[in-house]
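Treat the numbers as computed from the prediction; the structure is a model and nothing was measured.
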Amino acid sequence: MVHAVATYDDPDELDQEGVSEAIVAFDPMTLERRLHFGLGVFSKEIYGLAFIGDELYAGDRRGRSIRVFSLAGVHLREIKGDWREPCHLLHHSSRLYLSEHDGD
């Protein structure tokens, strides 16, 4: 069971211009929305999610960064790098991999 710690009461506002994307977590059995977080953190366009331990890593394409959240939806930190057009995140064998689009 996934427990909601933070919720967003009006999901229609996500469709308004200028409002950034957010992450939604669902109960795996009922598919009921349990957690909605990250609103206002991203510069639009989340490009990938990866779980490592008790943290969720989410790519922020326009922000050219990786946002790190607790599993309760609390934004913990931001990781910046030299990447240009990030497009995927993958966790495997204790490593986090980021791939980039070449722009062509």
Side-chain angles (χ1 to χ4, degrees):
M1 170 79 78
V2 177
H3 298 283
V5 174
T7 61
Y8 188 69
D9 295 327
D10 189 4
D12 293 335
E13 288 187 28
L14 288 174
D15 295 331
Q16 293 180 10
E17 185 176 339
V19 176
S20 67
E21 294 182 349
I23 297 169
V24 180
F26 298 92
D27 181 287
M29 300 300 287
T30 65
L31 296 180
E32 180 180 332
R33 187 176 78 180
R34 292 291 185 193
L35 189 62
H36 193 152
F37 60 92
L39 186 64
V41 173
F42 295 95
S43 303
K44 289 207 173 219
E45 207 169 348
I46 299 168
Y47 65 83
L49 300 174
F51 288 96
I52 303 174
D54 291 337
E55 296 179 329
L56 172 65
Y57 290 71
D60 184 351
R61 187 180 317 259
R62 289 189 187 168
R64 295 184 178 162
S65 65
I66 298 171
R67 304 292 182 149
V68 184
F69 295 88
S70 72
L71 297 183
V74 177
H75 183 246
L76 302 174
R77 63 187 178 279
E78 177 183 31
I79 301 169
K80 290 281 201 176
D82 290 337
W83 47 83
R84 297 173 304 273
E85 287 190 58
C87 58
H88 296 13
L89 282 179
L90 173 70
H91 173 247
H92 180 70
S93 297
S94 301
R95 292 185 183 212
L96 182 64
Y97 296 89
L98 178 141
S99 63
E100 292 186 281
H101 181 66
D102 64 8
D104 292 335

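A distance of 11.5 Å separates CZ of F26 from CZ of R34, quoted to the nearest 0.5 Å. Considering CD1 of I23 and CD1 of I46, their distance stands at 4.5 Å, rounded to 0.5 Å. For the atom pair OG (S70) and CG (L56), the distance works out to 9.0 Å, reported to the nearest 0.5 Å. The distance from atom CG of D60 to atom OH of Y47, rounded to the nearest 0.5 Å, is 8.0 Å. To the nearest 0.5 Å, atoms CD1 (I79) and CG (L96) are separated by 7.0 Å. Summarising the geometry, atom CG belonging to L76 is positioned 12.0 Å from atom CZ belonging to R67; distances are rounded to the nearest 0.5 Å.
Two different hydrophobic clusters hold I52 and L90 under the rule that ILVMFWY side chains link at heavy-atom gaps under 4.5 Å. L49 and F51 fall within a single hydrophobic cluster, where Ile, Leu, Val, Met, Phe, Trp and Tyr are joined by side-chain heavy atoms under 4.5 Å apart, directly or via other members.
The heavy-atom pair separating R64 from R84 by the smallest distance is NE-O, 3.1 Å. When all heavy atoms of R61 and P86 are compared, the closest pair comes out as NH1-O, 2.9 Å. Heavy-atom minimum distance, L89 versus A50: CB-CB, 4.5 Å.
Checked by atom type and distance alone, the side chain of H75 pairs as donor or acceptor with a backbone atom of R77 at under 3.5 Å.
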Show, in sequence, the C-alpha distance, side-chain angles and deciding distance for W83 and I66, and conclude whether the side-chain contact (heavy atoms from CB on, under 4.5 Å) test is met. CA-CA 11 Å; W83 47 83; I66 298 171; 4.1 Å; yes
F69/L35 under side-chain contact (heavy atoms from CB on, under 4.5 Å): CA gap, chis, key distance, verdict: CA-CA 12 Å; F69 295 88; L35 189 62; over 6 Å; no
